[in-house]
Amino acid sequence: MSELTFEMNKDKVSIDLLMSADPSLPKAMRTLNASMPFVGLVGGEVVGVCLVEQRDGIYDIAYLVVGGMHQGKGYGKALLRYVLENIHAQGGQYVEIGCGNAEIQLITLYQKLGFRFLTVWLDYYLTDNRVATVVNSIFNRDMIRFRIDLKEKGSSTVGGNLSGLGR
């Protein structure tokens, strides 16, 4: 099997992959045009996409998507680690990410990587004509927001060394 590699390349971002996470084409295009695009590739094939927006010194991961047949192989975790390392290398401090209240695997993953609970956006998945889904037999209606401080001492990023993430 080929090794996972990473690029910052807007031209390689798969719109179909973005829309598998949120079926709004206008939102996907707006976000793509306003963000730093990261892709994870295996043998030249895009298996994951991460779009990061920056506002007021805070980096917000707007999309983190791995294609269905590539899920469960660690590609999302590896892509997220790469993105965090890149942001840290650029001098970034705060990174935020969100997921649905029923997405237990993502909630666990983010905390393993050093993210901490920040807030909850109630009824997020019921706004803007979205249709909430059932995930893990739970009505997925709220977005749970997380934040990591890449410069915080005593976290999994001690001394700015992100190689310890996920221990």
field: Flag side-chain contact, heavy atom, 4.5 Å: F115 against V95
entry: yes

task: Check the hydrophobic clustering (I, L, V, M, F, W, Y; side-chain heavy atoms under 4.5 Å; chains of links allowed) and say if V52 and I15 are grouped together.
output: no

field: Pairwise distance CG(L51) to CZ(R30) - rounded to 0.5 angstrom
entry: 13.0 Å

message: Please say yes or no: joined through hydrophobic side-chain contacts below 4.5 Å, possibly via intermediate residues, are V47 and L41 part of one cluster?
response: no

query: Got a donor-acceptor contact below 3.5 angstrom from the D142 side chain to the V120 backbone?
result: no

task: Calculate, to the nearest 0.5 Å, the distance between atoms CD and CG belonging to E53 and L32 respectively.
output: 10.5 Å

Could you pull out all donor-acceptor pairs under 3.5 Å where a side-chain atom in residues 58-72 meets a protein atom, sequence neighbours excluded?
unit_1	atom_1	unit_2	atom_2	d
Y59	OH	Q54	NE2	3.4
D60	OD1	R145	NH2	2.7
H70	NE2	E45	OE2	3.2
Q71	NE2	V66	O	2.9

query: From M36 CE over to N86 CG, what is the distance, rounded to the nearest 0.5 angstrom?
result: 6.5 Å

- prompt: So, does D149 use its side chain to make a donor-acceptor pair with the main chain of E152 at under 3.5 Å?
  reply: yes

- prompt: Out of curiosity, does M19 fall in the hydrophobic cluster containing V39 (side-chain heavy atoms, cut-off under 4.5 Å, transitive links)?
  reply: yes

- prompt: Do L18 and V49 have side chains that get closer than 4.5 Å, going by heavy atoms?
  reply: yes

Separation between CZ of R147 and CD of Q93, rounded to the nearest 0.5 Å: 9.0 Å

Joint hydrophobic cluster, L17 plus L25, side-chain heavy atoms closer than 4.5 Å: yes

task: Might you confirm whether atom CD of Q105 has over 12 heavy atoms from other residues, nucleotides or ligands at distances under 6.0 Å?
output: no

statement: Minimal heavy-atom distance between G40 and L79, with the atoms involved, is N-CD1, 4.1 Å

- request: Group every Ile, Leu, Val, Met, Phe, Trp and Tyr by side-chain heavy-atom contacts under 4.5 Å, then state whether L150 and I97 land in the same group.
  value: yes

- prompt: How far does CG of N101 sit from CZ of R141, to the nearest 0.5 angstrom?
  reply: 8.5 Å

- prompt: Going by heavy atoms in the side chains, are I107 and Q111 under 4.5 Å from each other?
  reply: yes

message: Measuring from atom SG of C50 to atom CE of M8, what distance do you get when rounded to the nearest 0.5 angstrom?
response: 10.0 Å

task: Please tell me if the side chains of F146 and L106 come closer than 4.5 Å, counting only heavy atoms from C-beta onward.
output: no

message: Would the distance check show the side chain of D22 and the main-chain N or O of A28 forming a donor-acceptor pair, the cut-off being under 3.5 Å?
response: no

field: Full working for side chain to side chain contact (heavy atoms under 4.5 Å, CB included) between W121 and T119
entry: CA-CA 7 Å; W121 292 350; T119 190; 3.7 Å; yes

- request: Sort and list the pairs that fulfil ring-ring contact (aromatic ring centres under 6.0 Å, His included) and have at least one residue in residues 2-25, not counting sequence neighbours.
  value: F6-Y82

- prompt: Of the non-hydrogen atoms in C99 and Y125, which two are nearest, and what is the gap between them?
  reply: C-OH, 3.6 Å

- prompt: Who passes ring pair (Phe, Tyr, Trp, His ring centres under 6.0 Å) against Y94, sequence neighbours left out?
  reply: none

